Amino acid sequence: MTPNLHLWLIPVLALIGAAINGLFGKRFSRQTVVAVALLFSGAAFAFALWVASQFSSLTTPHIETLATWIRAGEFRADFAFYLDQLSLVMLLVVTGVGFLIHIYSVGYMWEEGGFYRFFAYLNLFMFFMLTLVLASNYLLMFIGWEGVGLASYLLIGFWFTKDSAAAAGKKAFIVNRIGDFGFLIALFLMIQHFGSLDFAQVARGASPALPGGEALLTTIGLLLMVGAAGKSAQIPLYVWLPDAMEGPTPVSALIHAATMVTAGVYMVSRSHVIFEHAPGAMMVVAIIGTLTALFAATIGMCQTDIKKVLAYSTVSQLGYMFIACGVGAFSAGIFHLMTHAFFKGLLFLAAGSVIHAVGGEQDMRKMGGLRTKIPWTFWTMTAGTFAIAGFPPLAGFFSKDAILFKAFTSTYGSWIYWAIGVFTAFLTSFYMFRQWFSTFFGEYRGDDRADFHGHGEHGHGGIHESPAVMLVPLVILALLSVCGGWIGSERFDKFLAPAFHASEFTPVVQHGAMGMGPDTVVPATPVLPTGRRDVEVSETLLTGISVAAALLGFLLAGQLYYRRRDLPGKIARALGGFYETVLHKYYVDKIYAAVFVKPLIEGSTKLLWHGIDRDVIDASIDNSADGAREVSDAVRHMQSGNIRSYAGWVAAGAALVILYMVWVGTR
Amino acid sequence: MLPQTADYMRLLPEIVLTVFGMIVMVMDAAAEGRGEGRSRGRSIGRIKDRRIEKILGAVALVGSLAAITATFVQAQYPGFAFWNMVQVDSFSVFFHFLVAAVTAVVILTSFEYMEVQQIRAGEYYALILFGAAGMSLMSSAVELVLVFIALEISSISTYVLAGFRRRAAISSESSVKYFLLGSFATAFFLYGVALMFGATGSTNIATIGDVLRSGQIPLLAYAGVALMFVGLGFKVAAAPFHIWTPDVYEGAPSPVVGFMSTAPKAAVFAVLLRIMFEAHAPGRIGLIWVVAALSMTIGNLGALVQDNIKRLLAYSSIAHAGYLLVAYAALPDNGIPAAMFYTASYAAMNVGAFAVVSHFGSAGERYVTLGDYSGLGRRSPLLAATLTIFLLSLIGIPITGGFFAKFYVFSAALQANLVGLVIVGVLNSAVGAYYYLRIIVVMYMREPQQEVPVARIPVGLGFALAISLVTTIYLGVLPGRVLEYASRTATAWMR
Amino acid sequence: MVPVSYYLILSGILFACGVTGFLIKRNIITIFMSIELMLNGVNLSFVAFAAEWKALSGQVFVFFVMVVAAAEAAVGLAIIIAVYRTRETLNVDQVNLLKL
């Protein structure tokens with residue numbers, strides 16, 4: 001008999017924290033708000049650690065059913081929590097990194113208005129995120145999924161007095177809706193064909209023997225990928241993430257780097273059974289991942305806003321995780337998810353610390369030479385930068401290497417994925433060191449604005465190091481970014497193996513043929529050809545190439561942004577149009593606006609709204625008012641206010657309905 | 001054969017509502033007679049008026065609560081009453097409860113509204129109760145004659161209610177538009193009934209169903225279904241018969257809009273369920289497909305550019321009628337429960353949204369444009385948060401009733417292999433998110449344009465909001481029980 | 001004996017006249033009378049079908065329709081008076097404050 005761990009307590013703890021701060025926080029002092037927020041998020045983390053300590057004694061997957069939630073006919077869904085190796089990793093990452101970011105936020109947000117609101121939202125986010133990772137069925141997962149979207153919307157728009165923040169929040173929300181509906185249709189299809197949304201039952205039901213077979217599973221897989229692309233900011237739905245940087249920096253760290261945006265990766269990994277039976281869908285995942293990784297990295301090279309660089313870098317790194325999923329190396333994807341949570345969380349927090357130090361400036365062109373002025377921030381950020389660039393023996397090296405290796409060798413893989421991956425690794429290294437050099441080296445290029453900035457109450461003007469409450473999380477994350485990969489991808493793979501090869505198949509451990517090759521667990525019934533292709537390539541060579549790529553990026557960035565600062569401008573001029581295009585993020589936002597948003601709004605304006613200039617909120621609508629006046633009377637009269645014309649519509653509608661029905665009847 | 005006690009029990013909620021309605025009317029008349037005789041002084045008379053109105057409102061509230069209780073009594077007597085005119089089953093009980101609950105919430109909302117707008121309230125409450133009686137009757141009527149009468153009882157009450165802001169020109173306009181077009185549509189419905197009678201020789205829904213199932217379906221029946229659908233489609237504001245909705249909703253008093261966008265709609269949807277499924281209406285799927293798709297699209301596109309909140313919500317109600325109709329194209333065993341669930345959750349969130357709108361509108365419903373709502377998040381956080389939850393539910397965000405409502409409807413449609421319709425619906429709800437979100441953005445993320453006063457929330461309204469809020473969230477967190485009830489109803493029905 | 005289809009055609013014509021009247025007349029009272037015409041068209045077909053099926057319920061229905069129509073007329077005229085008070089016109093084309 002397995003012990004009851006009361007898993008439900010973990011999300012509920014966060015919810016209680018949110019509720020207390022949300023309802024009464026207005027009357028609390030800042031200290032009380034902090035105490036409540038830290039207490040409950042810390043308790044969630046402690047609980048998660050305790051769960052991890054109990055984990056070895058559990059039979060996995062460990063399912064705790066709280067209550068029957070919905071029972072309607074055949075269909076049934078429970079309030080149930082599901083713990084296996086995969087959700088344990090996610091649980092620890094979310095609560096651990098989440099807790100650290102809570103601590104950091106205390107320092108970062110101290111001077112801001114709406115302090116209690118911020119922590120209430122943050123805890124609310126934790127609640128939904130934990131529901132997402134602990135859910136035992138897709139429906140509960142979807143609740144968490146939508147919930148994190150909502151919390152992220154609230155947090156992006158936190159500085160709602162800024163127009164851009166409000167717009168960014170709305171954009172994130174709307175783009176995510178598109179993805180969510182893909183997800184939702186996938187859920188409907190699962191109910192229809194598997195009769196359940198339970199992970200276990202769906203995994204059991206998903207087999208090509210089903211009526212519809214592979215085509216059905218491919219459809220479901222693709223729809224799930226639409227959902228994942230929305231949440232995890234993949235092509236073509238990535239546009240919201242860079243804008244989401246309008247939110248406070250800890251939010252960017254927690255939601256838009258470490259946890260929420262990885263939900264898509266988690267969901268795809270959770271649905272691995274479906275994907276394994278749908279090679280077509282796998283290929284789409286891998287291609288989307290590859291393209292996103294490359295595409296976002298190129299945009300990242302031209303950004304000047306310190307947070308925007310990190311945002312595009314996040315999109316690009318998420319692309320790596322999807323490459324891993326797409327080639328069937330789910331555990332490598334999750335491994336990268338974990339290390340990415342460490343180093344990207346760190347980078348964002350460190351960037352926040354830099355912004356804090358220079359008084360709210362985010363433009364890297366106005367920084368420089370900060371190395372000596374904020375040494376703690378510098379050293380931690382250095383750790384993060386080297387980790388993401390993939391220098392051994394830091395965390396990013398191991399996970400990225402595992403993905404690239406799998407991309408090359410897996411049966412689903414291809415050398416193209418690998419080649420683009422390596423090239424992207426070079427770009428990653430380049431733009432990260434570009435950021436590193438321009439922020440910390442050279443001389444300070446900013447004005448003296450820092451002297452008068454809003455954090456003046458700290459008692460010292462000028463550029464200053466952040467308080468300890470912000471530095472401690474930085475240091476811890478820096479340590480994790482350094483050491484987090486030492487567990488090694490093989491061991492990690494072995495640990496996760498039971499989650500990825502459902503327990504009804506007796507796992508057979510098979511030792512890898514190559515010395516360093518990961519041990520692969522092949523299910524007794526070969527659902528998935530996990531074997532590798534016969535390729536005559538040594539892992540050492542592949543590793544060597546990717547390290548070389550990282551080193552090359554480092555050297556190039558050093559050359560351009562440290563030694564010869566005049567060169568980048570020249571290169572930009574030489575590249576001309578291409579540089580412009582990349583600088584403007586390939587004009588994707590503009591294209592979306594022209595192709596989707598504008599026609600929709602104009603169309604509805606012309607069809608259903610008279611062309612009276614009204615002060616509609618979005619100024620973009622104003623322009624179309626003139627056009628609307630010219631639209632024909634026939635259409636305008638739909639809402640003319642005239643009773644007789646209304647009756648005409650009813651009568652015409654009636655005539656059509658009667659004609660249709662009579663036609664059906666005589667057929 | 002005289003009616004038995006059980007017959008009356010099966011009609012108890014309607015009887016209770018009617019009796020209380022008459023009490024309110026008589027009391028009002030009596031108070032008025034006395035008031036004129038005694039106090040010539042105007043101010044004294046007004047104070048008296050206020051007090052009497054409060055009493056009348058309280059009586060009406062008691063009436064609606066009694067009707068809720070009567071629903072439970074009625075549920076103990078399942079079966080037919082009055083020579084197969086009325087059928088009490090779990091289906092009709094569901095809608096009786098819904099209508100009575102909406103009535104109670106609307107009456108609670110009206111206390112404040114009547115006072116602020118300075119409307120003489122006596123008949124107002126009586127009309128709400130009479131209307132509710134008609135709506136309740138609609139859901140248990142299984143004879144088309146009775147459906148027609150119940151429909152008219154409910155419609156005539158709402159025609160008058162729409163014009164209750166007598167001083168405002170737009171209110172009487174709204175009333176006359178609703179009245180003329182409503183009667184116009186009713187005539188279509190009636191013609192449909194006549195043709196159905198001609199095709200089958202009966203006006204009993206079950207008998208019609210038997211006849212239509214047993215043999216060749218005469219062409220007359222198709223025409224009959226078409227005409228009945230026109231009449232009922234008008235009442236639920238389904239495109240292309242939605243055209244009256246924005247105008248009427250804009251002009252009518254807000255609590256009344258909350259009422260008529262939920263209770264009568266629910267009742268008409270119940271009738272439509274009986275006609276579509278029990279009477280086995282032919283040609284159902286194609287007809288519903290087009291109308292549902294059209295309603296969703298027109299409703300959402302229309303709402304996109306509206307500035308007036310009431311008009312915006314009117315378009316949104318057209319869109320929601322479309323979503324709901326999707327369930328009618330599905331198979332009965334999951335279409336019926338999905339439709340029932342949707343009606344309930346839509347009623348909760350919409351009546352709540354209109355309660356906020358009516359409170360915020362102030363005297364003369366001055367503040368009803370989007371701009372007036374700017375900065376509401378800071379001026380009245382509680383009101384804004386409440387409205388936000390209703391709006392999120394209208395979008396269909398999880399942990400609100402609106403999510404599961406859409407979820408069940410679309411999943412029912414998918415099980416009937418209506419993939420195209422589901423895609424239309426899903427795209428529409430993505431578009432729909434935009435305009436609801438606009439309200440939220442305005443409330444939280446804009447500076448107030450002018451000083452719009454926000455009055456304190458009175459007790460009655462507080463209760464109304466709390467009830468709708470709790471229901472909305474309850475249906476979003478624990479939809480199981482309601483859905484299970486609805487599924488059992490459907491299975492019992494289909495057997 | 002006159003075949004039932006004759007009655008039906010006549011009732012259809014009456015109904016159509018009512019619809020047309022609603023659409024082309026401008027006076028609210030006339031429009032309202034057009035609705036009555038539509039209802040009478042329906043009544044005729046009820047009676048005709050009742051005779052055809054030898055079922056009394058169709059004829060009873062007609063009585064109900066008449067009663068309801070009377071009630072509707074009472075309320076309708078009151079609403080029309082209310083409109084006249086605020087607008088001082090019965091021309092339906094001028095009752096168009098609510099639009100767009």
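Throughout, protein chains are lettered first and strands after them, A, B, ... in sequence-line order, and every chain is numbered starting at 1. Predicted model, so just to flag it, every value in this text is computed and none were measured.
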Residue L150(A) versus chain B: region with a heavy atom under 4.5 Å: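 Side chain only.
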
Which atoms of F404(B) approach chain A - backbone, side chain, both or neither, heavy atom under 4.5 Å: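 Side chain of F404(B) only, per the 4.5 Å heavy-atom cut-off to chain A.
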
Portion of F410(B) that has a non-hydrogen atom of chain A nearer than 4.5 angstrom: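 For F410(B), the contact with chain A is made by backbone and side chain together.
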
Note, I643(A) side chain near F184(B) side chain (heavy atom, < 4.5 Å):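 Not in contact.
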
Minimum side-chain heavy-atom gap V426(B)-I185(A) below 4.5 Å: yes

Over all atoms of both residues, closest heavy-atom pair of G653(A) and P240(B):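 Closest approach of G653(A) to P240(B), heavy atoms only: CA-CG, 3.8 Å.
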
Nearest heavy atoms of F79(A) and L478(B), plus distance in Å: CE1-CD2, 3.6 Å

Residue selection (most heavy-atom pairs with chain A, distance under 4.5 Å) from S429(B), A185(B), G371(B):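 Winner by heavy-atom pair count: S429(B).
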
Ring geometry between F403(B) and F142(A) (parallel below 30°, tilted from 30 to 60°, perpendicular above 60°): parallel

[atom1]/[X] to [atom2]/[Y] distance, rounded to the nearest 0.5 angstrom?
| X | Y | atom1 | atom2 | result |
| --- | --- | --- | --- | --- |
| I423(B) | F181(A) | CD1 | CZ | 13.0 Å |
| I658(A) | L227(B) | CD1 | CG | 4.0 Å |
| W649(A) | L181(B) | CH2 | CG | 14.0 Å |

